[in-house]
Enquirer: 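Input: one structure, supplied below.
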Amino acid sequence: MTDVAIPGSKSLTARALFLAACADGTSVLHRPLWSDDTEAFAAGLAALGYAVDVRPDRCTVRGGAAGPPAPGAEVFCRDAGTAARFLPTLGALGHGVFRFDGSEQLRRRPLGPLVGALAALGVDVRAEEREGHLPVTVHAAGLKGGALTLDAGLSSQFLTGLLLAAPLMAEGLEVTVTDLVSVPYVEMTLAMMRRFGVEATRAGDTFTVPPGRYRATEYAVEPDASTASYFLAAAALTGRSVTVPGLGTDALQGDVRFAEVLGRMGVDVTLTADSVTVTGPERLSGVTVNMRDISDTMPTLAAIAPFADGPVRIEDVYNTRVKECDRLDACATNLARLGVRVETGRDWIRVWPGTPREAEIDCRGDHRIAMSFSVTGLRTPGLTLDDPGCVKKTFPEFHQVLASLVREWTQGA
Ligand SMILES: O=C(O)C1=C[C@@H](OP(=O)(O)O)[C@@H](O)[C@H](O)C1
Ligand SMILES: C=C(OP(=O)(O)O)C(=O)O
């Protein structure tokens, strides 16, 4: 059995940083993720005036309930959707002019529902170039809160950004969603808010957060479940075994359910409270699966799908078209390059069994396309990536860790 150490969760690290900034006192995060996204998030907090001390395996943040200490700031979110969708709400709690921008890739991604929600709460917020996109400037004078409706059908991050800040709004917040994707990420938000001392409730489509105070907390970050998917998929594809310690049925991350999808394809899966072990079968079976809740793992599944003995159909993943790239299109185009038969619709992809042939993968600057097709490469001689370095968004050491796992497997065989 081979253990693989997966770095901390991007989503939990971002939430813990935000909550620590809003909590009274000094919080300590253990084993946070340090990658481009979370470094951007921590740098964003520092720009907003918080005292953030970043160490390799821990981070301390001195927070407070009054909003950002800085009287104004320029926050560069790089490629991080979490930073772009969470930090403007934190800025709005303060007093001053806060400007948020990001990379070209992030500027293309939707922000409109969050900008609209802040405006509905009375914030003077302006998109500088294109409506509903970065860069945006927030003229902040504290947030009173109240009730609003929100379309979170393109991203749950709009809702998370509002919920995290809600206890610090004078009247709290009641948000009713007209649509919502990636529900496990919202459950993660509520669970993390509870960890920091605030109880928010959900009744149907309405989320209610009373005004309150977060308390400084010591928090250990779980390994990243989306990152784990590549190593589980690698074992599934090569008939090997891998264990990810620290990630199991107790995890706050919905993407741990990717293991169950592998289970439906004939992979032997053992989930305990705090570990997951998979052993690849002789042959993977085809499957039809709805991935609305776990769509970051859609490319992982699409990339191993040709090796199944029947078609793999992934449904209800429209919002993967507005991630780091149009992921349905990127998966389909790259599978076609590999000579695999593939079909897509507005919100689905179907991949037929095939034998991928040598090709260069067009990563489109998307870490998940690079990591997913690296797994395909384990059974595709000559597969190369045009941009292997884009994995830095969530896992800078990805290629080294995958190579060392494969080395361990071959040496142990
Ligand atoms: O809240 C979060 O931490 C995230 C929510 C999801 O985004 P969407 O809600 O946009 O699907 C996920 O894809 C992203 O990687 C992280
Ligand atoms: C969609 C992703 O990232 P984000 O939205 O946080 O930029 C991702 O990591 O797959």
Side-chain angles (χ1 to χ4, degrees), residues 7-19 32-33 35-41 44 77-87 89 102-114 134 150-164 177 179-193 221-222 224-230 252-255 257-258 291-302 316-328 330-331 347 363-372 390-395 398:
S9 154
K10 171 194 79 173
S11 296
L12 290 170
T13 299
R15 284 165 177 72
L17 286 169
F18 189 114
L19 291 165
L33 172 68
S35 70
D36 203 55
D37 268 18
T38 52
E39 282 162 24
F41 207 101
C77 302
R78 306 192 204 176
D79 288 339
T82 44
R85 277 83 175 255
F86 300 174
L87 293 179
T89 326
S103 65
E104 278 306 316
Q105 184 190 88
L106 191 60
R107 281 179 168 205
R108 284 196 291 273
R109 299 179 60 189
L111 196 65
L114 181 68
L134 289 177
L150 177 77
D151 182 349
L154 282 182
S155 175
S156 67
Q157 292 174 345
F158 307 135
L159 177 58
T160 286
L162 291 163
L163 291 174
L164 289 171
V177 289
D179 192 9
L180 179 60
V181 286
S182 299
V183 168
Y185 285 96
V186 178
E187 287 164 357
M188 176 197 290
T189 302
L190 300 180
M192 289 291 290
M193 289 169 66
V221 178
E222 294 167 6
D224 192 291
S226 323
T227 300
S229 75
Y230 310 111
L252 294 182
Q253 301 164 80
D255 277 9
R257 278 152 49 190
F258 180 72
M291 286 192 136
R292 183 180 176 94
D293 281 355
I294 57 168
S295 67
D296 281 1
T297 63
M298 180 279 285
T300 324
L301 181 57
D316 208 359
V317 285
Y318 174 75
N319 90 320
T320 64
R321 291 192 183 275
V322 293
K323 303 277 184 175
E324 286 77 337
C325 70
D326 177 340
R327 287 181 175 160
L328 279 174
C331 286
D347 65 354
C363 296
R364 304 196 188 173
D366 185 337
H367 56 140
R368 299 214 185 280
I369 300 300
M371 294 192 279
S372 299
C390 68
V391 300
K392 76 176 192 313
K393 186 172 193 279
T394 49
F395 194 5
F398 170 78

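Predicted, not measured: the structure shown is a model, and the values here were computed from it. When a ligand or atom number is given, it counts from 1 through the structure's own listing order.
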Enquirer: With a 4.0 Å cut-off on N to O distance, would you call Lys323 and Asp296 a salt bridge?
Expert: yes

Enquirer: Return the closest protein heavy atom for atom 10 (O) of ligand 2 as residue, atom name and distance.
Expert: Arg368 NE, 2.5 Å

Enquirer: Is the shortest distance from a Lys or Arg side-chain nitrogen in Arg109 or Asp366 to a carboxylate oxygen in the other one below 4.0 Å?
Expert: no

Enquirer: When only distance counts, is Ser156 in polar contact with ligand 1, meaning an N/O pair under 3.5 Å?
Expert: yes

Enquirer: Should Tyr230 and Arg368 count as side-chain neighbours, where that means a heavy-atom distance under 4.5 Å?
Expert: yes

Enquirer: At a 4.0 Å threshold, what atoms of ligand 1 neighbour a non-hydrogen atom of Thr82?
Expert: 3 (O)

Enquirer: List ligand 1 atoms under 4.0 Å from Ser11, heavy atoms only on the residue side.
Expert: 2 (C), 3 (O), 4 (C), 16 (C)

Enquirer: Compare all side-chain heavy atoms of Ser156 with those of Glu187 and state whether any distance is below 4.5 angstrom.
Expert: no

Enquirer: Should Cys325 and Arg327 count as side-chain neighbours, where that means a heavy-atom distance under 4.5 Å?
Expert: yes

Enquirer: What protein heavy atom sits nearest atom 4 (C) of ligand 1, and how far away is it?
Expert: Gln157 NE2, 3.3 Å

Enquirer: Side chains of Leu33 and Val221: closer than 4.5 Å at any heavy-atom pair?
Expert: no

Enquirer: Could you check atom 7 (O) of ligand 1 against the protein and tell me its nearest heavy-atom contact, residue, atom and distance included?
Expert: Lys323 NZ, 3.3 Å

Enquirer: Which residue and atom name correspond to the protein heavy atom nearest atom 8 (C) of ligand 2, and how close is it?
Expert: Glu324 OE2, 3.2 Å

Enquirer: Quick one: nearest non-hydrogen protein atom to atom 10 (O) of ligand 1, plus distance?
Expert: Ser155 OG, 2.7 Å

Enquirer: Check each heavy atom of Thr82 against ligand 2 and say whether those closer than 4.0 Å belong to the side chain, the backbone, both or neither.
Expert: both

Enquirer: Could an N or O of ligand 2 be found under 3.5 Å from any N or O of Lys393, whether backbone or side chain?
Expert: yes

Enquirer: Could you find the nearest protein heavy atom to atom 6 (O) of ligand 2 and give me its residue, atom name and distance?
Expert: Lys10 NZ, 2.7 Å

Enquirer: Determine whether Leu154 and Asp151 make a side-chain contact, defined as any pair of heavy atoms from C-beta on separated by less than 4.5 Å.
Expert: no

Enquirer: Using the side-chain contact (heavy atoms from CB on, under 4.5 Å) definition, which of the options Thr82, Leu12, Thr13 pairs with Thr38?
Expert: Thr13

Enquirer: So, do Tyr185 and Gln157 sit near enough that their side-chain heavy atoms are less than 4.5 Å apart?
Expert: no

Enquirer: Provide the number and element of each atom of ligand 1 under 4.0 Å from a heavy atom of Asp296.
Expert: 12 (C), 13 (O), 14 (C), 15 (O)

Enquirer: Is there a side-chain contact between Asp37 and Arg78 (heavy atoms, below 4.5 Å)?
Expert: no

Enquirer: What do you reckon, does Arg85 have a nitrogen or oxygen under 3.5 Å from a nitrogen or oxygen of ligand 1?
Expert: no

Enquirer: Testing the basics here: between Ser11 and Met188, what is the closest heavy-atom pair and its distance to 0.1 Å?
Expert: CB-SD, 3.7 Å

Enquirer: Show which atoms of ligand 1 fall inside a sub-4.0 Å distance from at least one heavy-atom site of Ser182.
Expert: 8 (P), 9 (O), 11 (O)

Enquirer: Geometry only, no angles: is Tyr185 polar-contacting ligand 1 at N/O separations under 3.5 Å?
Expert: no

Enquirer: Measure the distance from atom 1 (O) of ligand 1 to every protein heavy atom, then report the residue, atom name and distance (to 0.1 Å) of the closest one.
Expert: Arg15 NH2, 2.7 Å

Enquirer: Can you tell which part of Lys10 has a heavy atom less than 4.0 Å from ligand 1: side chain, backbone, both or neither?
Expert: side chain

Enquirer: Measure Asp79 to ligand 2 on non-hydrogen atoms and call it side chain, backbone, both or neither using the 4.0 Å cut-off.
Expert: backbone

Enquirer: Provide the number and element of each atom of ligand 2 under 4.0 Å from a heavy atom of Lys323.
Expert: 1 (C)

Enquirer: Could you point out which residue of Arg364, Arg108, Arg321 forms a salt bridge (charged side-chain N to carboxylate O under 4.0 Å, His left out) with Asp326?
Expert: Arg321

Enquirer: Taking NZ, NE, NH1 and NH2 as the nitrogens, is one of them in Asp36 or Lys393 under 4.0 Å from a carboxylate oxygen of the other?
Expert: no

Enquirer: Say whether Ala80, considering both its backbone and side-chain N or O atoms, lies within less than 3.5 Å of an N or O atom on ligand 2.
Expert: no

Enquirer: Report, in ascending order of atom number, the atoms of ligand 2 lying under 4.0 Å from any heavy atom of Gln157.
Expert: 4 (P), 5 (O), 6 (O)

Enquirer: Can you tell me how far the OG atom of Ser226 sits from the CE atom of Met298, to the nearest 0.5 Å?
Expert: 13.0 Å

Enquirer: Nearest protein heavy-atom contact for atom 5 (O) of ligand 2: which residue, which atom, what distance?
Expert: Arg109 NH2, 2.7 Å

Enquirer: Does any N/O atom on Asn319 come nearer than 3.5 Å to any N/O atom on ligand 1?
Expert: yes

Enquirer: Is Arg327 near ligand 2, meaning one of its heavy atoms is under 4.0 Å from it?
Expert: yes

